Peer 1: 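What follows is a single structure, and I will ask about it in a moment.
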Amino acid sequence: MTPTLTPHSDVDLFADPVLEDPYPTYRTLRDLGGAVHLARLDAWALTRYDAVRGALGDWQTFSSSAVALNEPVNEMLVGTVLAADPPEHDVLRSVLADRLGPRAVRSLQADIATRAEALVEEVVARGEFDAVTDLAAAFPFAVVFDLIGLPDDARPNMLRWADATFNVCGPMNDRTAGGLLVVQEMFEWVATLKAGDLLDGSMGRAIFEAAEAGRIRPESCIPLLAAYATAGMDTTINAIANAVHLFAQHPDQWDLVRADPALLPGAFNEVLRFDAPVQVFGRRTTRVVDVEGTEIPADSQVLLLYGSGNRDERHYADPDRFDVTRAPVDHLTFGYGTHGCAGQALARLEAHAVLGALAARVHRLHVGEPKRHLNNVLRGIESLQVHGVELDR
Ligand code: HEM
């Protein structure tokens, strides 16, 4: 039983209209409290910046054993870096960190910049294109696919698999149920992979080499490979898609970035704060814990609402305003602490390359209405038609 004075809500955070625009609902929840009991899920939403950040920094209390919001998927995720707590987590993570750390990623910079410029040149020359499928999705897909060194037969399925992997991290609703079969299909395919199937020198091959060297157990190879493949694509795709959409909506902000390219890293942080590609992941409390005056029982499912924390007026002034000069380095979009995104250096590199190449050429993009892509966890766009491009002047 939840005491009546406990902040609580009947809202379905995963209903289509809320996913279309979750921000008014987030504000209502934040006004109720930093921790709000969600009756439909019998779970606790952490809504305010300090509450989300505090939980991210305390893995001993907020365990990743319930990173998904349903038990079948939490069982499926056992052994993955995302769902493991230290010390197991740190061993798995060290294998990924070798290849995703800032120094390793810096060596990719020239190649990624060249690829971004070629793609931007090509779509811009067409004059009309889909900013999501032709640009925002095409680029990270190609980059990450090659870096992991996956065999070509996965190409037609990879984005469908990645999307489903995020969907099934939601509560057990229709989207999750629909995604489960797709995820199973992906795991069956990944399980057939052997070291020799992955390109020599690739990130994927390095995982198998870590197992051969005894750094990780052989059974960890498949979950790590799946983590790379899914975490590295849809997230960056949605980030770039959201960026193009926001800059098309706010030409004054685009003009600022174009006038001073040094603003780009901060502007991308503002894109990430404004529309976090990953809106929510879960945790499980290991003990009774007080969050901003609300007591959450032990063994409770918790939702970390990154997207709500990023719009918390207690932390960011005028949070619903998209302002590239804000440069919010402390946003919650990559998480924080133990599970803070392992791929953020790569994501930034990719996004800066694409947005930088666009900024160097394009004065205005004229776009239609975006078609939102609804996913339990991700916030992104399925399609954004560009009807016209005004080149540099
Ligand atoms: C804009 C793009 C991205 C966003 C918004 C994003 C978001 C996140 C978030 C929120 C987490 C933390 C999960 C938690 O708190 O439990 C995370 C973890 C992770 N991300 Fe990213 N990510 C992005 C790009 C990437 C890329 C490009 C890769 C790899 C190629 C990647 C690999 C990972 C991995 C392996 C983890 C698990 C880390 C751990 O559990 O220790 N991500 N990401």
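Counting convention: from 1, in listed order, for ligands and their atoms alike. Small disclaimer: the values here were computed from a predicted structure and weren't measured.
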Peer 1: Among side-chain atoms of Asn173 and Thr176, is any donor-acceptor pair under 3.5 angstrom?
Peer 2: yes
Peer 1: Would you say the side chain of Pro265 lies within less than 4.5 Å of the side chain of Arg348, judging by non-hydrogen atoms?
Peer 2: no
Peer 1: Sequence neighbours left out, what passes side chain to side chain donor-acceptor pair (under 3.5 Å) with Arg372? Give chain and number order.
Peer 2: none
Peer 1: Anything under 3.5 Å between an N or O on ligand 1 and a protein N or O? List each pair with its distance, or write none.
Peer 2:
residue: ligand 1; atom: 15 (O); partner: Arg283; partner atom: NH2; Å: 2.9
residue: ligand 1; atom: 15 (O); partner: Tyr306; partner atom: OH; Å: 2.8
residue: ligand 1; atom: 16 (O); partner: Arg283; partner atom: NH1; Å: 3.0
residue: ligand 1; atom: 16 (O); partner: Arg283; partner atom: NH2; Å: 3.1
residue: ligand 1; atom: 40 (O); partner: Val81; partner atom: O; Å: 3.3
residue: ligand 1; atom: 40 (O); partner: His339; partner atom: ND1; Å: 2.6
residue: ligand 1; atom: 41 (O); partner: His89; partner atom: NE2; Å: 2.6
residue: ligand 1; atom: 41 (O); partner: Arg93; partner atom: NH1; Å: 2.8

Peer 1: Going by heavy atoms in the side chains, are Leu119 and Asp134 under 4.5 Å from each other?
Peer 2: no
Peer 1: Just jot down the side chain to side chain donor-acceptor pair (under 3.5 Å) partners of Tyr316, sequence neighbours excluded, or say none.
Peer 2: Asp330
Peer 1: Tell me, please, which residues at least two apart from Ser94 pass side chain to side chain donor-acceptor pair (under 3.5 Å).
Peer 2: Arg215
